[in-house]
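A short worksheet on the structure shown next.
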Amino acid sequence: MDNQWILWSSFVLFAMLLGVLAGFIPAKILSRFKPVNVLKGTIAPAAMGKTFLRNMLVVIQFVASACFIFIVASMFGQFQYMATDNTNFNRENIYNIAVSENQRLLQQDILANQHVERVGLVSTPFGGNAAQASVAKNAQSESVAASYYAANSDFIINMNLSILAGSNLISSVSDSASAFVLVNEQLLSALGLGKTQDAVGKTFMMNNKQEVTIGGVTSNFCYSNYQFTAKPLIIQYNPQQFHVLNIKTKNKVEEQRFKSEMNTIWKKYFPHTELSFSNYQKDMYERYFPGGDMNIVGTFCVVVLTIALMGLLGIVTYHNEMRTKEVGIRKVMGAPVREIIRQLSKSFIKLTLISGLISLPLGYVICYLFMKLFVYSYGVNLLLLCTLFTSIFGMALITIIYKSAHAAIANPVKSLRTE
Amino acid sequence: MLELKKVYKWVNNGNQRIFLLKDINLTINEGEFVSIMGPSGSGKSTLLNVIGMLDSFDEGIYNFVGESVHQLKEKQRTNLYKQHIGFVFQAYHLIDELTVYENIETPLLYQNVKGSDRKAMVADILDRFNIVAKKDLFPAQLSGGQQQLVGIARALIARPKLLLADEPTGNLNSKQGEEIMELFQQVNKEGTTIIQVTHSEKMQLMATASSVYWMALLKIKLRSRQDN
Ligand SMILES: Nc1ncnc2c1ncn2[C@@H]1O[C@H](COP(=O)(O)OP(=O)(O)OP(=O)(O)O)[C@@H](O)[C@H]1O
Ligand SMILES: [Mg+2]
C-alpha cells in the first residue's frame, strides 16, 4: 500500500505541474505582453519574436494537455483492467459462500441447483491476503517465503488456471491433506528446482516439517498485487483449511434470486447462522478499483483539465483576436472569406500537427513508464491514445474553424473603426 | 463615375430605428477631388464606407461605374471594389507582421496578379514614393507620416479609379499632412478620382479640392468655396 501512496502523490504533483504549465504560465506571459508596445514600436521588429512566442505557447499548451489526458486515461485503463481482469484468474459467474469447515452435504445440495456448474473449495479466494508459508529445497537449505492456498481441483478449474506441466490437483474427497501440490514457476526459480518441464515429481520442504511433491506447475499469474511479480505459490489439497465454497454458475444468473436459492439451502443446515454470500466479480471490482481515490483524483482531474482547456481556448481566442485587425485589413484589400478562414486555420493546423508529432510519442513514453510500474498491465493502448488525440485535435480544429469563420465573416468596418 | 440617390442607412434598436445616413444625394465625376467635411458624428465615415462598399445601406440607389451596387451580391461587390477602389485610413491600418514591401503587395495577391508583375509594380511604387530604403522595415519602425505613405502606396498599387481616404492626415503633424496632400494632388492630376473626409479646414484648402461637401445631421450638401 506504501507504493500506492507514492504513486498517487507523484500523480498529483505531476498533475499540478501540468496544470500550471498548461494554464497559468501562458496567461502570465501573455498578460505581460502588451500589444500596445508592439504597435508603438518598443518591441521591434514585431513579427518574428511575437509569433514565435505565440506558437511555442500553443504547442506547449497542446502537448501538455494531450499528455495529461493520455496519462489520466492510461491510469483509468489500468485500474479498470485490474478491476475487471479475467485473464489471470477467472472471476466471471463465481459466487463465494463462507463456511466454517468442510461441508460435504451442503456442497452436494448446492451442486444440485440447476444454475450451478461446479463447486470448488478453497481456504481464501485469490485477490485477498494469502496465507504465508516458508519453503526450502531440502531440510538443510535456506527457506523462502511463499503464499499458501488450500484448494481442491474444482477450484483450480473454476479459476481457469493454466497448468504448464504436470496436472491439476488430484480430484479427491479424502479428509486428509495430499502430499502432491500445485506450484507456480516463481517457486521453481526461487528454490532452484530447474525447468518447468522437469519439475513434476520433485520434492521440497514446506514449513520446515512437511515434504511435498510437485504435481503440477502453473504460470506466474497475478493472484494478488498487479504491481509486483507473483510470489512463490503453493496450492495444496488440504480439507482442514477449506473455508470458502467457490461456486461457478453455468450462465449469468440474477444475483438476488440465486442468493435466495442458496439461502434456502443454507438454512436447512444452519438455521441460526446468517449466510455469507458474495459476488466474486463485484468483490474484485471493489478490491482493485480505488473508487474513493479515483473520486478525489477525478475531481482534481476535472479542475486541472478545465484549467488546461481554458488555457487552450484562451490562447486560440487570443491568437485570433490579435488578428482581427489584420483580417479586417485583408478583407478591405479584397481577400475572400474562404481565403481568410484558410489562412487563419492554416497556422493553427500546422501547430497542432507539430504538437501531435511531439505529444503522441511523448504521451506514449509517459504511458509506457506508468505501465512499467505494474508487472501485470494492460499495456499502452495505442488505439485509445490515437482516439483521444484525434478528439483533442478535433476539438481544437472545431474551435479554430469556428473562430476563424467568425472573424472572417465579421464586417471589416467594425474591426477597423478608429476610436 | 458614381451616383447616390436618396440613400438611407439605419440600424434597428428594439422598436426604434436609428438613422446613420439620411437622404444622401451625391454625384461624383471621374477625375474629381472631393472633400467631405463636417462635425464629429455627422456620418462622414459611414458615408465613405457605403461609397467604398464596405458597408451596406438600406434604401436608395447607388450606381458605380455603370453597375447598380444595390442589386449586387456581396461577392460581386467585393470584386467590384477590389478592382476599382483603394482605401486610406486615418490609423494607417498596415499589417504589423508584414514588411513595408509585403504590405504594399497585399492587394495584388487578391487580384491574381502574376509574381513577376507584382514585383515590378511594387518596385515601381516604392521608387515613386521614395521609400525604397524602407522596404524591409516593419510598420512599427516607421514614423506616422512614413506609415501613411505606405498606406497610400498600398491603396494605389492596383491602380484604382477611385481613392477613398478617411481623415488621412488626422494622426499626422501639419508638415507631414501637407506632404500627403501634395501627393494626393499629384495622384489626382494623374487621373485618380479622390474622395477624402477631413476635419481640418487648412488641409482642405491646401488640397484645392474641386468640390467640397458639408455633412451635418447625417445629411450632405455641396458647399461652394466662396462660402468660407
Ligand atoms: N453600427 C452602428 N450602430 C449604431 N450607431 C452607429 C453605427 N455606426 C455608426 N453609428 C453612429 O453614427 C454616427 C455617425 O458615425 P460616423 O462614424 O459616420 O461619424 P463621423 O462623421 O465619421 O464622425 P468623426 O468625425 O468623429 O469620425 C455616430 O453617432 C455613430 O455613433
Ligand atoms: Mg469618422
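A note on names: the letters A, B, ... follow the listed sequences, proteins ahead of strands, and every chain is numbered from 1.
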- Task: Tell me, for I85(B) versus chain A, whether the close heavy atoms (under 4.5 Å) come from the side chain, the backbone, both or neither.
- Result: neither
Just how far is it from atom [atom1] of [X] to atom [atom2] of [Y], taken to the nearest 0.5 Å?
X	Y	atom1	atom2	result
I329(A)	T106(B)	CD1	OG1	9.0 Å
H93(B)	R330(A)	NE2	CZ	14.5 Å
I95(B)	M333(A)	CD1	CE	7.5 Å
L109(B)	E339(A)	CG	CD	8.5 Å
K331(A)	Y110(B)	NZ	OH	12.0 Å

- Message: I need the minimum non-hydrogen distance between F89(B) and V332(A), along with the two atoms involved.
- Response: CZ-CG1, 3.9 Å
- Using a cut-off of 6.0 Å, state whether more than 12 heavy atoms not belonging to E74(B) lie near its atom CD. no
- Query: Does some side-chain heavy atom of D96(B) sit less than 4.5 Å from a side-chain heavy atom of E326(A)?
  - Reply: no
